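Read through the structure below, which is laid out as structure tokens, and then see the notes.
In this text the structure is predicted, and so the values were computed from the model without any measurement.
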Amino acid sequence: YRYWRHVENLSHVMSHIRSVVAINQHQSHWIVETLPLAPEIAWDAEIINEVDDERIGWRTLKGAVVEHAGSVVFEAIGDATTQVTVTLQYDPPGGTLGASLASLCGQDPARSIGEDLARFKGVMENETIQQ
């Protein structure tokens with residue numbers, strides 16, 4: 001939870017994120033890599049639901065190129081094990097056509113999130129081992 005809550009860390013485990021900068025305690029500025037025709041896009045987001053050590057919910061601020069909302073839930077399932085669940089809802093630029101084009105260019109959000117969570121798991125396991 002603490003690693004994820006420090007939003008600047010997310011660019012280390014999420015493959016398409018170039019950077020995330022905290023604006024204040026609840027808002028952040030995101031820059032992500034996209035399709036070859038538009039190498040990057042940016043938006044601001046805000047945390048709208050937070051329960052320490054359990055949940056972070058967010059949404060983009062009005063006017064974002066990619067409007068989305070989501071949450072990450074951390075559920076302890078043992079002394080040293082946590083299940084992490086990400087839920088994401090978004091409206092891709094260009095609607096269904098934009099989503100189809102992204103898919104043709106090899107961008108599959110579900111697969112990307114799965115790979116990013118696997119990378120996050122590796123970072124957390126290595127951090128635990130090093131302590």
Side-chain angles (χ1 to χ4, degrees):
Y1 171 89
R2 287 183 302 277
Y3 186 91
W4 198 288
R5 183 57 176 90
H6 188 71
V7 294
E8 288 86 352
N9 287 333
L10 298 177
S11 65
H12 300 296
V13 294
M14 296 185 163
S15 59
H16 292 92
I17 296 177
R18 283 206 181 146
S19 68
V20 183
V21 176
I23 297 169
N24 58 43
Q25 187 175 2
H26 294 286
Q27 294 181 339
S28 53
H29 181 75
W30 296 64
I31 299 176
V32 299
E33 296 175 358
T34 59
L35 298 172
L37 298 176
E40 67 181 34
I41 58 174
W43 63 76
D44 292 333
E46 66 181 337
I47 293 174
I48 57 171
N49 179 13
E50 183 172 17
V51 177
D52 285 347
D53 296 326
E54 291 180 20
R55 169 186 310 269
I56 303 168
W58 69 89
R59 69 176 172 210
T60 53
L61 296 178
K62 200 170 219 165
V65 175
V66 178
E67 292 185 22
H68 69 275
S71 65
V72 58
V73 176
F74 304 88
E75 181 182 354
I77 54 174
D79 288 339
T81 305
T82 301
Q83 179 174 315
V84 178
T85 304
V86 174
T87 303
L88 183 63
Q89 175 185 358
Y90 76 106
D91 295 323
T96 303
L97 179 61
S100 296
L101 180 60
S103 180
L104 288 173
C105 293
Q107 292 191 357
D108 175 5
R111 188 186 81 229
S112 293
I113 289 172
E115 291 169 356
D116 292 343
L117 285 173
R119 194 173 303 106
F120 174 68
K121 179 180 187 279
V123 168
M124 292 299 94
E125 288 174 344
N126 287 333
E127 185 175 289
T128 300
I129 291 168
Q130 294 173 5
Q131 289 181 0

Open item on the list: Could you check whether any side-chain heavy atom of Glu46 comes within less than 4.5 Å of a side-chain heavy atom of Leu61, counting everything from C-beta outward?
Closed with: yes

Open item on the list: Please check this pair: side chain of Asp44 against backbone of Gln27, looking for a donor-acceptor N/O pair closer than 3.5 Å.
Closed with: no

TODO: Assess whether side-chain contact (heavy atoms from CB on, under 4.5 Å) is satisfied between Trp30 and Ile17, documenting all intermediate values.
DONE: CA-CA 7 Å; Trp30 296 64; Ile17 296 177; 3.3 Å; yes

Open item on the list: Please report the interatomic distance CD1(Ile47) to CZ(Arg59), rounded to the nearest 0.5 Å.
Closed with: 12.0 Å

Task: Ile41 vs Val32 side-chain heavy atoms within contact, under 4.5 Å - done: yes

TODO: Enter the distance from Asp53:CG to Glu75:CD here, rounded to the nearest 0.5 Å.
DONE: 13.5 Å

- [ ] Would you mind reporting whether Glu50 and Arg5 have side-chain heavy atoms less than 4.5 Å apart?
- [x] yes

Open item on the list: Do Leu88 and Ile113 make a side-chain contact, defined as non-hydrogen atoms from C-beta onward lying under 4.5 Å apart?
Closed with: yes

Task: Note, Arg55 side chain near Asn49 side chain (heavy atom, < 4.5 Å) - done: yes

TODO: Examine distances only and state if a side-chain atom of Thr60 and a backbone atom of His68 form a donor-acceptor pair shorter than 3.5 Å.
DONE: yes

Open item on the list: Check this for me: does any side-chain nitrogen of one of Glu115 and Arg119 sit under 4.0 Å from a carboxylate oxygen of the other?
Closed with: no

- [ ] Identify the heavy atoms of Val7 and Ser28 that sit nearest to each other, and give their distance.
- [x] CG2-CB, 4.1 Å

Open item on the list: For a 4.5 angstrom cut-off between non-hydrogen side-chain atoms, does Met124 reach Tyr3?
Closed with: yes

Task: Point-to-point distance, once rounded to the nearest 0.5 Å, from CG of Asp116 to NE2 of His12 - done: 13.5 Å

Task: Contact check, side chains of Ile56 and Tyr1, non-hydrogen atoms, under 4.5 Å - done: yes

TODO: Report whether Val72 and Val123 are members of the same hydrophobic cluster (ILVMFWY, side-chain heavy atoms less than 4.5 Å apart, transitive linking).
DONE: yes

Open item on the list: Working to the nearest 0.5 angstrom, can you tell me the gap between Ser19 OG and Glu40 CD?
Closed with: 8.0 Å

Task: Worked verdict on Leu10 versus Phe120 for side-chain contact (heavy atoms from CB on, under 4.5 Å) - done: CA-CA 9 Å; Leu10 298 177; Phe120 174 68; over 6 Å; no

Task: Joint hydrophobic cluster, Val20 plus Ile23, side-chain heavy atoms closer than 4.5 Å - done: no

Task: 4.5 Å side-chain heavy-atom contact, Trp43 and Ile31 - done: no

